[in-house]
Number of protein chains: 2
Amino acid sequence: MPATVLVVEDEPAIQELIAFNLKQAGHIVMAAPSAESAQHLIKETLPDLILLDWMLPGMSGIDFARKLKNDSYTKAIPLIMLTARGEEQDKVKGLETGADDYVTKPFSPRELNARIKAVLRRRAPQMTDELVDIAGLALDPVTHRVTGNGAPVELGPTEFRLLHFLMTHPERVHSRAQLLDRVWGNQVFVEERTVDVHIRRLRQALEPTRHNALVQTVRGAGYRLSQR
Amino acid sequence: MPATVLVVEDEPAIQELIAFNLKQAGHIVMAAPSAESAQHLIKETLPDLILLDWMLPGMSGIDFARKLKNDSYTKAIPLIMLTARGEEQDKVKGLETGADDYVTKPFSPRELNARIKAVLRRRAPQMTDELVDIAGLALDPVTHRVTGNGAPVELGPTEFRLLHFLMTHPERVHSRAQLLDRVWGNQVFVEERTVDVHIRRLRQALEPTRHNALVQTVRGAGYRLSQR
DNA sequence: CGCTATTGTGACGTTTACGTGACATCCCCC
DNA sequence: GGGGGATGTCACGTAAACGTCACAATAGCG
């Protein structure tokens, strides 16, 4: 949930205000006063989100936005434009910047945070919402329910995500590092052995329906979910 | 017949105008400035109606409409296209892609509301007006009344909408963010924990008839309405 | 058959998420 | 303009979930 946000804004006061708020919300903030200086910052750090002021010295925000959306390297980065009231009617009209949202100055910190959250949520990697069923073990991402041969299985959030990932990638060995990446998220610092503990908890929960045998240990490599 | 409407429109001025009018008419409004950003929003919130601008940055409104109508998941959602004057010759094309109606810019709020009402009446008998009954808990959207085993249940407006949404989308787990989108509207900036408070008030109101057990907490995920 | 690297397991302290009551504010109707 | 319901937010308590460790068990290897 904490994201790296690049703020491209030439007015120091506004820039600092935004930065302060974003930091409060737990995000990592980078700042650039112009499009030019923002360029290599983007290439270097690949922020999760860019806040781009409409009016900038040098290359305007519009042109910069267009440029970003034309570059395959930066195209996927969500973009929120900051516009001042009065600029919208004429200038926004007909533009094809590909911005994901707009915030009109003056804005409240709460509004900004909400919009950021919304934009980040929308590009969230949606794992398939389809029901997975392997050997009588069924996991439904929509209802968040797991059943073994019809009998309900109780899982904690992490065990649920772990099982979901294993079931959507069966027959394949996953190292602890890979599991940490895909199940925990790549920006967390946890011991690799923690995976073992959660695997155990998962097996324990699957024991009543004998489905625990599906979760297999591959010595020296990691874990695997397999029917055989 | 309050409905949740998604407005896909890239010009903030027009977007805000439409949103204002829809809210006046009692609808819940969500907005997205592009087809790409609208996609996730649709999957998450299942709006009752989509207002789609003809001209959009990135994927055009036409292509997006076609895509929506080809997806079984979104096919049933009524669609109204917004076209600018001079694009009229394309109306036919728009209707061919599966749009249920079109509105030409500039339009009057009255016209827009009328067309929305017509489309909703024609297309969505399942969501808007029908009485919902789950395990003896009955909710009537028309009379705005809720009864548990015949006994009246007193709810505030927000709790009513919350319960209505949960009852029309049962078994499914809804994150706090999704509930904020669907029950509050995503242009309202409210803390996620507020959902908890309203869930509690809802449970409290349902307590006398033991129907509070229908509202379940799914730790780390959200809330769910279920018989089991 | 014994040694060692690797994994299983139980326990424990800490963190996080949720439930709950209180409160301040807003808004509408009287 | 004032009173009451509705709403959003905060603070606090509790219970579940988490991560880590220590030690036991196991498998693989020579």
Side-chain angles (χ1 to χ4, degrees), chain A residues 1-2 24-26 108-111 113-114 117 144 146 153-164 166 173-181 183-185 187-207 212-225, chain B residues 2 23-24 26 28 144 146 153-164 173-181 183-207 212-224:
Chain A
M1 191 52 100
Q24 287 291 89
S108 71
R110 179 165 295 166
E111 174 183 357
N113 284 334
K117 209 187 293 178
H144 228 265
V146 180
V153 176
E154 295 300 330
L155 294 179
T158 306
E159 281 77 45
F160 184 88
R161 289 199 310 276
L162 178 57
L163 179 60
H164 188 202
L166 290 177
V173 183
H174 309 282
S175 71
R176 290 163 229 281
Q178 288 174 320
L179 289 174
L180 282 181
D181 266 9
V183 179
W184 273 256
Q187 44 182 331
V188 271
F189 163 64
V190 238
E191 293 292 323
E192 287 204 343
R193 289 300 313 274
T194 300
V195 176
D196 297 25
V197 177
H198 282 273
I199 286 281
R200 177 180 170 279
R201 288 173 182 157
L202 177 56
R203 282 173 173 155
Q204 217 165 17
L206 296 179
E207 183 124 23
N212 51 351
L214 288 180
V215 183
Q216 301 170 351
T217 304
V218 180
R219 195 157 247 262
Y223 295 96
R224 167 179 57 194
L225 189 140
Chain B
K23 277 190 214 158
Q24 288 292 89
I28 289 169
H144 236 254
V146 180
V153 175
E154 295 301 328
L155 293 180
T158 306
E159 282 78 38
F160 183 87
R161 290 199 308 276
L162 179 56
L163 180 60
H164 186 203
V173 175
H174 309 280
S175 70
R176 288 158 228 278
Q178 289 174 307
L179 289 174
L180 283 181
D181 279 354
V183 179
W184 276 259
N186 77 337
Q187 302 195 312
V188 182
F189 308 111
V190 179
E191 294 293 322
E192 289 203 345
R193 288 299 312 274
T194 300
V195 175
D196 297 26
V197 178
H198 282 272
I199 285 281
R200 179 181 167 278
R201 288 172 182 158
L202 178 57
R203 282 174 173 154
Q204 221 164 16
L206 296 178
E207 177 116 33
N212 52 351
L214 288 180
V215 182
Q216 301 171 351
T217 304
V218 181
R219 217 151 226 273
Y223 294 98
R224 167 177 58 195

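Labels below follow one simple rule: chain letters A, B, ... track the order of the sequence lines, proteins then strands, and each chain is numbered from 1.
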Discussion item. With a cut-off of less than 4.0 Å, is there a side-chain N or O of B/Thr158 near OP1 or OP2 of D/dT7?
Written reply: yes
Fill in: A/Tyr223 side chain, from C-beta outward: closest of D/dG8, C/dT6, C/dG8
C/dG8
Discussion item. Please confirm whether the shortest side-chain N or O distance from B/Arg201 to OP1 or OP2 of D/dA6 is below 4.0 Å.
Written reply: no
Fill in: For atom CG of A/Leu180 and atom P of D/dC18, their distance in whole Å
14 Å
Worksheet item: In whole angstroms, how far is the P atom of C/dT15 from the CZ atom of A/Phe189?
Response: 14 Å
Discussion item. For a quick test of reading the model: is some side-chain N or O of B/Trp184 closer than 4.0 Å to OP1 or OP2 of D/dT7?
Written reply: no
Discussion item. Is the ring pair A/His144/A/Phe160 parallel, tilted or perpendicular, if the boundaries are 30 and 60 degrees?
Written reply: parallel
Item to complete: For B/Leu202 and D/dT7, give me the distance from atom CG to atom C1', rounded to whole Å.
Response: 15 Å
Fill in: Nucleotide C/dT20, atom C1' - distance to CG of B/Asp196 in whole Å
10 Å
Fill in: Residue whose nearest DNA chain D nucleotide is more 5′ - A/Leu155 or A/Val197
A/Leu155
Discussion item. Expressed as a whole number of angstroms, how long is the span from A/Glu192:CD to C/dA5:P?
Written reply: 17 Å
Worksheet item: Looking only at side-chain N and O atoms, does B/Thr217 come under 4.0 Å of OP1 or OP2 in C/dG19?
Response: yes
Worksheet entry | A/Arg176 side chain near C/dT6 phosphate (N/O to OP1/OP2, under 4.0 Å) | no
Response to the item:
Taken to the nearest whole Å, CD/A/Gln204 to P/C/dA11 is 11 Å
Discussion item. Would you say B/Arg200 places a side-chain N or O within less than 4.0 Å of OP1 or OP2 belonging to C/dG21?
Written reply: yes
Discussion item. Nearest whole Å is fine: how far is D/dG8 P from B/Leu179 CG?
Written reply: 13 Å
Worksheet item: Rounded to the nearest Å, what distance is computed from the NE2 atom of residue A/His144 to the P atom of nucleotide C/dA17?
Response: 14 Å
Item to complete: Would you check if the side chain of A/Arg224 reaches a backbone N or O of A/Gln216 as a donor-acceptor pair within less than 3.5 Å?
Response: no
Worksheet item: Which comes earlier along DNA chain D counting from the 5' end, the contact point of B/Arg193 or that of B/Glu159, where each point is its nearest nucleotide?
Response: B/Glu159
Worksheet item: Would you say B/Val146 and B/Glu159 make side-chain contact, with heavy atoms under 4.5 Å?
Response: no
Worksheet item: How about A/Val173 and A/Tyr223: do any of their side-chain heavy atoms sit closer than 4.5 Å?
Response: no
Discussion item. Distance check, rounded to the nearest 0.5 Å: A/Leu155 atom CG versus A/Arg201 atom CZ?
Written reply: 12.0 Å
Worksheet item: Counting side-chain heavy atoms from C-beta on, which of D/dA6, C/dG19, C/dC18 comes nearest to B/Arg203?
Response: C/dG19
